[in-house]
2 protein chains.
Amino acid sequence: MKKKDALEDVKRLQASSLGYVLIRCGQLFNELGMRAVNSEAGWPMMREVHARLLPYLENPEGVRITELARSLGVTKQAVQPVIAELAEFGAVRIEPDPDDARARRVVLTEKGLAAMRHGTTKLVEIDRRVARRLGAEETRELHGLMTRLLEVLKALD
Amino acid sequence: MKKKDALEDVKRLQASSLGYVLIRCGQLFNELGMRAVNSEAGWPMMREVHARLLPYLENPEGVRITELARSLGVTKQAVQPVIAELAEFGAVRIEPDPDDARARRVVLTEKGLAAMRHGTTKLVEIDRRVARRLGAEETRELHGLMTRLLEVLKALD
DNA sequence: GAGATAGTCAATGGTTCTTGACCAATAAAG
DNA sequence: CTTTATTGGTCAAGAACCATTGACTATCTC
């Protein structure tokens with residue numbers, strides 16, 4: 001059974017890769033998180049696009065659509081339906097730009113902030129379930145290492 | 001500036017969450033990996049769907065389409081175009097099922113196995129770049145913890 | 001004024017997935 | 001050994017989502 005051995009070989013290689021294991025973990029966690037958020041009322045249907053956009057609304061003065069598009073790496077036309085949905089829900093407000101009459105500013109509202117908080121809280125709840133099985137010490141250690149890893153990955157491009 | 005404080009608060013909450021940091025890391029790593037795989041010739045266009053399907057072809061005897069669909073949580077119709085593409089490329093072979101004349105078995109070929117190996121190798125290369133910045137000891141530790149985390153997450157549902 | 005920039009509108013394309021109708025083979029039951 | 005229900009798979013049509021290009025308006029900058 002040479003073929004079976006080759007398969008086992010690849011699986012060993014996968015298990016040996018930090019990245020492979022990391023990607024799997026990230027997907028599973030993401031799935032759990034999305035399910036937890038959408039299982040509750042209040043947010044009609046949280047989709048990946050929303051979660052991807054929200055972090056770029058850090059500026060309390062608002063962010064221009066073009067800037068959002070550039071941050072996300074897509075065209076401004078692609079961003080429009082997303083912010084339209086967010087605005088309809090009330091997570092963002094679209095204001096005219098005081099400095100430029102052409103431009104508009106997408107501003108995170110209190111409700112949008114609450115949505116971010118809610119989503120993160122759900123993740124923290126899963127954290128706790130994980131910690132109960134993984135151990136408090138290990139979880140803390142993992143969190144520390146992961147935080148450093150995030151910095152490394154950001155710098156890596 | 002109460003609003004800015006509230007935002008900082010959420011960001012602190014996010015940074016404190018293992019899951020949040022993990023998801024970000026996973027996305028970044030995945031992006032790097034996909035880019036690395038597609039930058040080389042040999043595999044015309046590796047998409048997420050392919051990467052998602054391949055792991056379920058572990059059985060050397062092949063797997064039924066219905067079974068694949070159930071594993072992926074979609075309909076069998078959704079699976080069909082994916083395996084058609086994989087078959088066209090040569091990563092899988094579609095054989096009649098010896099036990100059931102209705103059924104077909106999707107079998108991973110040598111080429112498909114090589115593709116998995118190639119993808120994982122690319123991840124391992126990124127691993128090394130990460131390890132150079134994170135430190136060998138830390139990387140090893142992180143890998144160990146992450147492997148345990150994966151088991152925990154799988155069991156969590 | 002000339003040219004760049006912010007944003008919108010319209011049309012369109014690709015990917016993924018769905019429902020519904022169908023065929024062929026199997027399994028269960030009389 | 002038929003009848004009936006179930007199962008594996010395909011075909012066809014289409015919906016949802018995400019993104020695109022192209023054309024246009026309004027404004028800003030020089």
Side-chain angles (χ1 to χ4, degrees), chain A residues 27 30-31 34-35 37-38 43-57 59 61-89 91-108, chain B residues 27 30-31 34-35 37-38 43-57 59 61-89 91-108:
Chain A
Q27 284 169 344
N30 189 43
E31 210 173 297
M34 289 299 281
R35 213 189 310 160
V37 167
N38 286 329
W43 190 278
M45 225 230 306
M46 179 66 161
R47 264 172 295 144
E48 309 275 357
V49 263
H50 305 126
R52 228 180 303 151
L53 182 61
L54 287 177
Y56 293 106
L57 296 172
N59 189 343
E61 311 292 328
V63 185
R64 293 191 183 167
I65 292 183
T66 307
E67 207 176 333
L68 285 173
R70 199 175 35 70
S71 300
L72 291 165
V74 297
T75 59
K76 40 192 179 170
Q77 290 92 325
V79 175
Q80 221 151 14
V82 182
I83 64 167
E85 279 185 319
L86 288 170
E88 194 191 357
F89 174 65
V92 303
R93 216 176 329 108
I94 295 170
E95 297 177 347
D97 189 312
D99 301 336
D100 191 334
R102 298 168 299 176
R104 309 196 172 188
R105 297 198 152 271
V106 183
V107 186
L108 191 67
Chain B
Q27 284 169 344
N30 189 42
E31 210 173 297
M34 288 300 281
R35 212 187 313 159
V37 167
N38 285 328
W43 190 279
M45 225 228 306
M46 179 65 160
R47 261 173 297 144
E48 309 277 355
V49 263
H50 306 126
R52 228 181 303 149
L53 181 61
L54 287 177
Y56 292 106
L57 296 173
N59 189 343
E61 310 293 327
V63 185
R64 293 192 183 166
I65 292 183
T66 308
E67 206 175 334
L68 285 173
R70 198 174 36 69
S71 300
L72 291 165
V74 298
T75 59
K76 40 192 179 168
Q77 290 91 326
V79 176
Q80 221 151 15
V82 183
I83 62 166
E85 278 185 319
L86 288 171
E88 194 190 358
F89 173 66
V92 303
R93 216 177 329 110
I94 297 171
E95 297 178 347
D97 189 313
D99 301 336
D100 191 334
R102 298 169 299 176
R104 308 196 174 189
R105 297 198 152 271
V106 183
V107 186
L108 190 66

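Values below: every heavy atom of this structure, side chains too, minus hydrogens, waters and symmetry copies. Each chain gets a letter, A, B and so on, in the order the sequences are listed, and its residues count up from 1.
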| Atom CZ of A:R70 to atom P of C:dG7: distance rounded to whole Å? | 12 Å
| task | State which residues pass salt bridge (charged side-chain N to carboxylate O under 4.0 Å, His left out) with A:R52; sequence neighbours excluded, sorted by chain then number. | result | none
| request: Begin with the C-alpha distance, continue with both residues' side-chain angles, and end with the deciding distance and a verdict on side chain to side chain contact (heavy atoms under 4.5 Å, CB included) for B:T66 and B:V79. | output: CA-CA 9 Å; B:T66 308; B:V79 176; over 6 Å; no
| message | Quick test of your reading: applying salt bridge (Lys or Arg N to Asp or Glu O under 4.0 Å), list the pairs with at least one residue in residues 62-86 of chain A, sequence neighbours left out, ordered by first then second residue. | response | A:R47-A:E85, A:R64-A:D97
| message | Suppose we call a contact any N or O donor and acceptor under 3.5 Å apart; does that hold for the side chain of A:R102 and the base of C:dT5? | response | yes
| said: Please encode protein proximity along nucleotides 10-17 of chain C as a string of B, S and -, counting only heavy-atom distances under 4.0 Å. | reply: -----SSS
| task | Write down the distance between CD1 (A:I65) and C1' (C:dT5), rounded to a whole number of angstrom. | result | 13 Å
| query | Taking CG from A:D97 and P from D:dA26, how many angstroms apart are they, rounded to a whole number? | reply | 19 Å
| request: Take atom CD of B:E95 and atom C1' of D:dG9, then tell me their distance rounded to the nearest Å. | output: 17 Å
| task | Measure from CE on A:M34 to P on D:dC17 and round the result to the nearest Å. | result | 12 Å
| message | If the condition is side-chain contact (heavy atoms from CB on, under 4.5 Å), which residues does A:A101 pass it with, not counting sequence neighbours? | response | none
| request: Please name all residues satisfying ring-ring contact (aromatic ring centres under 6.0 Å, His included) with A:Y56, sequence neighbours left out, ordered by chain then number. | output: none
| remark: Taken in chain and number order and not counting sequence neighbours, the residues that satisfy side-chain contact (heavy atoms from CB on, under 4.5 Å) with B:T75 are B:Q77, B:A78
| request: Specify the separation, in whole Å, of atom CG of A:D99 and atom C1' of C:dG7. | output: 17 Å
| Nearest nucleotide by nearest heavy atom, which residue falls closer to the 5' end of DNA chain D, A:V79 or B:E67? | B:E67
| message | Heavy atoms only, 4.0 Å cut-off, all strands: where does B:D100 land among base, sugar-phosphate and nothing? | response | sugar-phosphate
| said: Return whichever of B:K76 or A:R64 has its heavy-atom-nearest nucleotide of DNA chain C closer to the 5' end. | reply: A:R64
| task | Give the minimum heavy-atom separation between B:M46 and B:N38, together with the two atoms involved. | result | N-OD1, 3.0 Å
| note | Taking C:dA6, D:dG9, C:dT26 as options, the one with an atom nearest any side-chain atom of B:A103 is D:dG9
